[in-house]
J.: 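The following block contains the structure, expressed as structure tokens.
This is a predicted model, so every value here is computed, not measured. The chains referred to below are lettered A, B, ... by the order of the sequence lines, with proteins before strands, and numbering in each begins at 1.
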Amino acid sequence: MSQDLLYIIASIGLFGIGLYGLIVAPHIIRKILAINIMSIGVFMLLVASASTVNGTPDPVLHAMVLTGIVVAIAGTALALFLAGKIHTLGQASDKDGH
Amino acid sequence: MFHTPDLKEHNHANELSVVTRILCAIAIGTLSLSLIIVLILTDNPSSSLPALVQHQLTQSGVQNPVTAVLLNFRSYDTLLEIGVLLIVAVAMLPNSNFNSDINPDIPSDNLSGGRLVSVVTNAQVNPTLEAVLRWLVPMIVVMAGYMLWTGASLPGGAFQSGALLAGAGVLVQLSGRLQFCFTSTIAKLLITIGLITFMIVAVGVATTTGVILQYPTELAGPLILLIEIAATLSIATILLLLYNSLATQIFEMSPEPSAFNKQPSAQE
Amino acid sequence: MDSLLNVDILLPMLVGLPLIAAILTTLAKGHGLRASISIAVALIQLIIVVALLSWLSNGGTSLEAQHQRYSLGGWGAPLGIDLTIDGFSALMLALTATLTLVLTVYSRYYFFEPHAQLDKTARFWPLWWLLIVGINGLFLSGDIFNIYVTLEIIGLAAVALVALDGSRAALTAALRYLLVGLLGSLCYLLAVALLYRTYGTLDLAQLSVIAEPTAITWAALALITTGLLLKTALVPLHFWLPLAHGSAPAPVSAILSALVVKTSFYLLARFWLDALAPASTDYGLIMLGILGAAAIFWGSIQALRATRLKLMVAYSTVAQLGYLFLLFPLVLSTGDTRDAGLTGPAVSAIAYFIVAHACAKAAMFLVAGNIMRTFGHDDIARLHGLAKYMPLSLFTFAIAGASLIGLPPSAGFISKWLLLNVAIDAAQWWWVIIILSGGLMAAMYVFRVLNIAFISVDEKAQIEPKHLPTNKLPTIMPLCAFFLAMLTIALGFNAELILDLVTIGDDV
């Protein structure tokens with residue numbers, strides 16, 4: 001099995017697993033984790049596409065992955081923040097309700 | 001699919017039925033498989049971009065091709081990406097009151113009186129961590145500086161060293177002795193300095209070369225270093241702010257005391 | 001130095017100026033200072049866009065093609081990133097600048113409540129301007145990875161703005177919007193990976209030249225479509241929109257419905273009809289049209305059943321977005337113009353529709369915001385006799401509704417008429433029926449609200465303002481909404497203006 005084939009299967013596989021988790025998992029943290037897994041799949045495909053015939057890897061793809069990682073961090077942080085605030089508000093309203 | 005976000009473990013009320021999940025799995029599996037097959041069957045012509053980058057590398061001011069792409073050829077993307085970090089930084093800033101915003105002497109939710117870092121009195125200090133940090137934090141700062149400097153020729157650069165510095169900040173916060181206040185002026189300056197420097201350089205070079213973001217060839221290296229230094233400061237501050245906002249949300253479910261119980265909360 | 005004073009310096013200025021505004025409003029102290037900076041920047045942005053448009057329409061067709069592209073960093077595609085502009089994107093930029101100015105003025109008064117403790121403007125203004133950076137950047141971008149970054153900017157800023165209220169409903173809607181947005185962006189990024197693997201370039205113009213109808217191009221187009229359909233909230237992927245647009249502050253709802261959902265639609269049109277046109281199959285185009293028709297029906301039905309005014313307006317957006325997707329099957333009918341890029345009678349009609357809908361929908365959301373501010377709620381059933389207290393707002397609502405229905409002399413009428421023309425020319429009668437019945441259903445849900453507000457039948461359900469003296473609305477807030485509604489009438493009388501704009505760059 002060539003390396004390229006291995007990475008293609010792994011990256012699309014991760015994307016699919018993440019997509020399944022996003023749709024099916026009920027807990028919000030799992031959904032956020034699923035999005036992270038999907039993004040790792042895409043980054044893996046990008047990095048694996050960077051091999052060239054003469055050995056030096058394609059730098060444009062690496063730059064794309066670096067940018068993508070930063071964007072993924074930002075999205076995950078915002079999602080966790082919102083989830084935490086919803087949880088805190090839910091706790092407060094539970095206490096008031098009793 | 002996404003009704004109320006579920007925050008309790010083992011809440012089986014919202015789960016999809018087994019049939020739906022199996023159908024979902026089959027659908028996703030089929031799509032993934034077909035995509036893999038399409039990818040395998042396509043033979044890719046080699047891209048001309050790596051050769052182009054190699055060709056122009058000497059004029060870019062750095063020797064590392066990834067840094068050249070990030071900060072010279074496609075610097076617009078990096079500029080926008082620092083903008084993305086600013087978005088989440090602003091979104092997760094602690095709240096400010098109308099009055100204390102203008103007059104910092106009026107106490108707001110944060111009690112540190114306008115300074116970025118302040119010492120917490122009667123804090124729950126983790127003594128082992130604090131002792132290690134006396135040695136560790138300076139080493140981390142030196143390493144971050146090295147990664148920043150070496151980004152021109154070896155793997156490294158602004159994002160990596162910014163992440164290192166943020167890690168140092170996280171450790172400092174975990175030790176319990178120091179507390180960060182991100183609504184102070186100096187914090188806001190640090191958050192925006194990366195973007196400000198980038199824009200000043202972008203417009204400044206245009207007065208010489210006539211095109212936005214086109215560095216003059218002999219100044220390219222120093223300009224890239226300048227942008228990276230400012231970006232490192234911004235990225236480190238923003239990442240630390242993100243961690244701080246997430247960590248100071250008080251979750252009343254956890255019974256054990258944490259280092260954050262004495263700190264003002266980030267709630268509404 | 002003299003190439004700096006060229007007119008195409010205005011292109012990066014449209015991205016740089018809101019970015020400067022975002023930085024300044026982050027650093028500024030005091031809500032008054034932030035608002036003043038914002039209004040000044042919005043004015044300058046409008047002036048820049050007007051200058052850009054007048055240059056484009058006077059000399060655009062006679063200049064060489066490269067003056068409509070700006071190579072950032074001087075490298076030029078495919079090594080660097082290019083900014084491009086043509087008629088359609090110029091129109092979108094003009095729409096953005098106009099709406100930004102009106103909504104900025106509105107927001108200056110909306111967020112300053114006399115008895116509020118919390119200063120929301122510290123977060124609102126930087127996020128607002130970063131959203132504008134993303135929108136301008138998207139319309140100007142000529143590079144598919146750069147488009148991904150601008151899509152993320154728009155998505156994250158929009159989510160943060162929806163969550164501004166801090167109420168549980170707003171936070172939940174924002175979180176759902178965020179997850180959907182991230183999913184859409186990831187699908188788009190995967191497609192970018194596929195396209196780069198196959199064609200070796202990230203530039204839109206180069207892709208449109210070398211794209212071939214192979215399986216992998218089709219896979220990339222399918223992924224892009226899925227991702228962008230999630231962001232444009234086309235039925236059946238629309239589930240996140242009504243609550244997100246319904247729980248956001250009024251100016252945020254206005255810009256989300258008017259502009260943000262249109263950015264992903266613009267990208268869909270760009271990819272299907274321009275960059276990856278060889279890969280777009282007839283079957284796919286018709287499929288998009290069918291989904292659009294489903295959106296018109298489903299959105300209108302839900303709007304009729306909505307209990308809150310803001311939810312009704314949000315469902316109306318879902319319905320009106322369906323009209324946009326009629327672009328794709330109608331382009332089929334005009335035959336071989338598919339390779340000509342974003343031009344043609346169908347594109348002109350849809351461009352006009354976008355402008356008309358943006359102004360009308362923004363006006364409606366502002367009216368809903370005014371009602372919410374004055375009375376503390378926006379339950380439709382409890383709005384009996386509203387006309388007594390807020391006549392200007394109701395009049396605005398009526399005019400905006402007339403544009404959505406498609407009554408003359410509004411811009412909505414002109415845009416529907418253009419669409420009907422294209423459909424009749426192609427003898428595709430089923431689209432004609434769908435367009436007309438969509439107008440009928442819009443009439444039903446608009447008149448339902450007007451009926452309750454103007455004809456106060458039920459004496460016991462009369463509306464009572466919250467605290468009448470202290471909640472007096474500053475006059476400028478209804479005036480902003482009124483201005484937007486009048487804009488639809490003005491555009492209805494001056495159809496030539498928009499249509500000439502869209503056809504710029506045709507002969508180049």
Side-chain angles (χ1 to χ4, degrees), chain B residues 1-5 34-35 38-39 41-42 44-49 52-53 56 69 72-77 79-81 83-84 86-93 95-99 101-102 104 183 185 188-189 191-192 195-196 199 202-203 206-215 268, chain C residues 1-4 6 9 12 16 19-20 22-23 26-27 29-31 70-75 78-81 116-119 122-123 126-127 130 133-134 137 143 145-146 149-150 152-153 156-157 159-160 163 166 172 175-176 179-180 194 196-201 214-216 219 239-240:
Chain B
M1 195 202 298
F2 294 92
H3 286 290
T4 320
S34 39
L35 189 54
V38 168
L39 270 172
L41 291 178
T42 318
N44 313 314
S46 53
S47 164
S48 61
L49 270 183
L52 257 178
V53 171
Q56 305 275 31
V69 170
N72 198 337
F73 303 136
R74 299 180 66 99
S75 45
Y76 180 52
D77 271 344
L79 175 65
L80 288 183
E81 183 195 343
V84 169
L86 181 63
I87 294 178
V88 271
V90 169
M92 292 169 65
L93 269 178
N95 288 320
S96 58
N97 288 330
F98 267 115
N99 300 322
D101 209 15
I102 306 176
T183 49
T185 319
K188 288 197 179 158
L189 264 177
I191 289 175
T192 50
L195 213 47
I196 293 176
M199 299 227 30
V203 177
T207 53
T208 324
T209 58
V211 180
I212 300 267
L213 282 175
Q214 181 173 16
Y215 313 130
E268 287 289 323
Chain C
M1 180 63 178
D2 42 8
S3 55
L4 180 60
N6 213 343
I9 194 79
L19 201 51
I20 295 176
I23 297 173
T26 317
L27 294 172
K29 282 197 177 317
H31 67 278
Y70 189 90
S71 299
L72 287 165
W75 301 105
L79 188 60
I81 299 174
Q117 262 290 73
L118 229 46
D119 186 5
R123 280 197 222 159
L127 291 172
L130 285 164
V133 167
D143 178 280
F145 185 71
N146 187 237
V149 182
T150 56
E152 287 289 356
I153 293 182
L156 290 175
V159 166
T172 314
L175 186 53
R176 189 179 306 126
L179 288 179
V180 169
L194 295 180
Y196 186 78
R197 265 181 84 100
T198 319
Y199 295 111
T201 178
T214 53
I216 192 145
F239 50 89
W240 58 269

J.: Relative to chain B, which of C:Leu27, C:Val149, C:Ile81, C:Ile20 shows the most heavy atom pairs under 4.5 Å?
T.: C:Ile81
J.: With a 4.5 Å cut-off on heavy-atom pairs, point out which of B:Val69, B:Ile191, B:Leu86 contacts chain C the most.
T.: B:Leu86
J.: Report which part of C:Ile153 has an atom under 4.5 Å of a heavy atom belonging to chain B: side chain, backbone, both, or neither.
T.: both
J.: Which pair of heavy atoms, one from B:Val211 and one from C:Gly73, lies closest together, and at what distance?
T.: CG1-N, 4.0 Å
J.: Counting only heavy atoms closer than 4.5 Å, note whether C:Val133 contacts chain B via side chain, backbone, both or neither.
T.: side chain
J.: Answer with side chain, backbone, both or neither: which region of C:Tyr196 has an atom nearer than 4.5 Å to a non-hydrogen atom of chain B?
T.: side chain
J.: Counting heavy-atom pairs under 4.5 Å with chain C, which one of B:Leu79, B:Leu41, B:Asn72, B:Leu93 comes out on top?
T.: B:Asn72
J.: Between B:Ala202, B:Ser48, B:Ser47, which residue shows the highest count of heavy-atom pairs closer than 4.5 Å to chain C?
T.: B:Ser47
J.: Tell me, out of C:Leu156, C:Thr201, C:Leu72, C:Val159, who's got the most heavy-atom pairs with chain B below 4.5 Å.
T.: C:Leu72
J.: Mind ranking B:Leu49, B:Thr192, B:Leu39 by heavy-atom pairs under 4.5 Å with chain C and telling me who comes out on top?
T.: B:Leu49
J.: Which residues pass the side-chain hydrogen bond (donor to acceptor under 3.5 Å, both in side chains) test with B:Ser34, not counting sequence neighbours?
T.: none
J.: Give the minimum heavy-atom separation between C:Thr26 and B:Lys188, together with the two atoms involved.
T.: O-CD, 3.3 Å
J.: Is it true that a side-chain atom of C:Tyr70 and a backbone atom of B:Ile212 form a donor plus acceptor pair closer than 3.5 Å?
T.: yes
J.: For residues C:Leu194 and C:Thr198, report the shortest heavy-atom separation together with the two atoms involved.
T.: O-OG1, 2.6 Å
J.: Go through the atoms of C:Pro12 and report whether side chain, backbone, both or neither lie under 4.5 Å from a heavy atom of chain B.
T.: side chain
J.: Run the side chain to side chain contact (heavy atoms under 4.5 Å, CB included) check on B:Thr185 and C:Lys29 step by step: do they pass?
T.: CA-CA 9 Å; B:Thr185 319; C:Lys29 282 197 177 317; 3.9 Å; yes
J.: Measure across C:Ala160 and B:Ala91 and return the closest heavy-atom pair with its distance rounded to 0.1 Å.
T.: CB-CB, 3.6 Å
J.: Against chain B, label C:Thr214 side chain, backbone, both or neither, depending on which of its atoms sit under 4.5 Å from a heavy atom there.
T.: neither
J.: Please look at C:Ala157 and chain B and tell me whether the side chain, the backbone, both or neither of the residue comes under 4.5 angstrom of a heavy atom of that chain.
T.: both
J.: Using a cut-off of under 4.5 Å for heavy-atom pairs, which of B:Leu189, B:Thr42, B:Leu52, B:Val84 has the most such pairs with chain C?
T.: B:Thr42
J.: So, the side chain of C:Thr150 versus the backbone of C:Gly137: is there a donor-acceptor pair under 3.5 Å, distance only?
T.: no
J.: Rounded to the nearest 0.5 Å, how far does CD of B:Glu81 lie from CG of B:Leu195?
T.: 11.5 Å
J.: Sort out for me which of C:Ala215, C:Pro78, C:Gly16 touches chain B most, counting heavy-atom pairs under 4.5 Å.
T.: C:Pro78
J.: Quick one: what part of B:Leu35 sits under 4.5 Å from any heavy atom of chain C, side chain, backbone, both or neither?
T.: side chain
J.: For B:Asp77, what residues pass the side-chain hydrogen bond (donor to acceptor under 3.5 Å, both in side chains) criterion, not counting sequence neighbours?
T.: B:Arg74, C:Asn146
J.: Can you tell which of C:Ile23, C:Leu130, C:Leu79 has the highest number of heavy-atom pairs within less than 4.5 Å of chain B?
T.: C:Leu79
